[in-house]
> 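Sharing a structure here in structure tokens format.
As a basis for the values below, the full set of heavy atoms in this structure was taken, side chains included, without hydrogen atoms, waters or symmetry mates.
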Amino acid sequence: MKLVSFSAADGKVRPGALLEEGNQVADLGAAGYADTLDVITSGVRSVDRPDAYPGYRLSEVRLHAPIANPPRVFAIGLNYRDHAKESGMEIPKVPVVFFKLTTSIVGPGENIVLPKNSTQPDYEAEFAFVIGKGGYRIPAAAWQDHVYGYTIVNDVSARDVQFATTQWSMSKSFPTFCPMGPSIVTADEIADPHQLAIGLSIDGEVLQNSNTRELVFGIPALIEHLSSITPLLPGDVISTGTPPGVGLGRTPKRWLKPGEMVTVTIEGLGSLTNPVVAE
């Protein structure tokens with residue numbers, strides 16, 4: 001199932017499922033689910049009878065971030081070997097963890113707004129997974145019992161703010177700095193999340209091109225590590241890091257500019273596109 005948040009003509013945001021045909025959305029809100037977090041917490045992973053729900057043509061609706069209110073957005077730094085090297089940092093021996101504030105989440109098609117107090121805004125294509133069943137001190141071998149599904153994140157970053165201190169979270173949490181979507185693809189639809197092509201382009205120019213097999217720490221290791229410190233909760237989003245090719249690692253540096261269109265594409269998950277504007 002491809003879980004989405006959408007609104008129709010009345011503007012009300014509701015949970016939905018993008019149907020097999022790809023051009024229709026089943027309204028899961030009609031079954032009493034308040035939002036996609038409610039769907040995830042309830043463990044719903046399929047729509048057996050699409051005709052049992054009110055339906056909308058995809059052209060009639062606006063898609064929003066597939067989960068706007070996750071308990072937390074964990075993010076992992078330096079988690080592709082080549083990206084660590086291009087950043088001038090050592091490959092980490094334990095996961096580098098920071099947070100993106102949920103107020104930074106936006107959906108497909110929404111603007112990435114470049115803040116006035118940064119001159120070095122950067123892009124980062126990221127593969128993310130969403131926790132279904134929570135837990136504390138989860139062993140790596142049990143990871144599949146706890147993953148609800150997968151989505152796309154663009155970990156937009158203000159590099160000058162990031163490297164002004166040793167703490168990264170604030171530089172990653174400006175409003176609109178967490179584009180996400182277009183859907184959460186349930187885990188049963190992805191045979192191997194560690195074998196997915198991932199890339200990013202700006203106005204058609206490919207700037208990142210890699211595969212999730214290059215992750216330093218895969219999903220099992222991340223679940224074990226994070227849950228050894230804090231209980232994971234249904235709806236937690238864990239964004240697994242970015243491959244090489246970011247603006248920071250280029251010569252000359254390549255920062256985001258107003259008027260550009262940024263697209264992150266991940267095999268099996270689709271594409272997430274956002275325009276860039278100045279504050």
> So does Leu196 get a backbone contact from the side chain of Asn211, meaning a donor-acceptor N/O pair under 3.5 Å?
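Yes.
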> Taking side-chain contact (heavy atoms from CB on, under 4.5 Å) as the definition, give me every residue that meets it alongside Val216, ordered by chain and number, with sequence neighbours left out.
Asn79, Arg81, Ile91
> Restricting to salt bridge (charged side-chain N to carboxylate O under 4.0 Å, His left out), what partner residues turn up for Arg57, sequence neighbours left out?
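Here the qualifying residues are Glu60.
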> Using the salt bridge (charged side-chain N to carboxylate O under 4.0 Å, His left out) criterion, which residues pair with Glu224? Sequence neighbours excluded.
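Partners of Glu224 by the salt bridge (charged side-chain N to carboxylate O under 4.0 Å, His left out) criterion come out as none, since no residue qualifies.
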> What closest approach, in Å, do Ser7 and His64 show between heavy atoms, and which atom pair accounts for it?
OG-NE2, 2.8 Å
> What distance separates Trp255 CH2 from Thr119 OG1, expressed to the nearest 0.5 Å?
8.0 Å
> Side-chain heavy atoms under 4.5 Å apart, restricted to Ile/Leu/Val/Met/Phe/Trp/Tyr: what other residues fall into the cluster of Val106, or is it alone?
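None; Val106 is a cluster of one.
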> Measuring from Gln195:CD to Glu267:CD, what's the distance to the nearest 0.5 Å?
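The distance works out to 9.0 Å.
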> Is any side-chain heavy atom of Asn111 closer than 4.5 Å to one of Thr176?
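Of all side-chain heavy-atom pairs linking Asn111 with Thr176, none is under 4.5 Å.
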> Looking at Asp145 and Lys133, does any basic side-chain N land under 4.0 Å from a carboxylate oxygen?
no
> Looking at Gly135, is its backbone amide N or carbonyl O close enough to the side chain of Ser227 to form a donor-acceptor pair, meaning the two atoms are under 3.5 Å apart?
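Pair absent, no side-chain N/O of Ser227 close to backbone of Gly135.
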> Running the 4.5 Å side-chain criterion over Ile, Leu, Val, Met, Phe, Trp and Tyr, what cluster does Val39 land in, apart from itself?
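So far as hydrophobic clustering goes, Val39 is joined with Met1, Leu3, Leu28, Tyr33, Leu37, Ile40, Val44, Val47, Tyr53, Ile67, Val73, Ile105, Val130, Tyr148, Val153, Met180, Ile184, Val237.
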> Does Asn69 have any side chain to side chain donor-acceptor pair (under 3.5 Å) partners at least two apart in sequence or in another chain, and if so, which?
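For Asn69 the side chain to side chain donor-acceptor pair (under 3.5 Å) partners, ignoring immediate neighbours, are Asp35.
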> What's the shortest heavy-atom distance between Val156 and Pro179, and which atoms?
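Nearest pair, atom of Val156 first, then Pro179: CG2-CD, 3.9 Å.
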> Is a donor on one side and an acceptor on the other found under 3.5 Å between the side chain of Ser104 and the backbone of Phe177?
no
> Whether the Ser157 and Gln162 side chains hold a donor-acceptor pair (N or O, under 3.5 Å, no angle test) is what I'd like checked.
no
> For residues Gly77 and Pro92, report the shortest heavy-atom separation together with the two atoms involved.
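Residues Gly77 and Pro92, closest heavy atoms: O-CG, 4.4 Å.
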> Picking from Thr263, Thr265, Asn154, what satisfies side-chain hydrogen bond (donor to acceptor under 3.5 Å, both in side chains) with Thr273?
Thr263
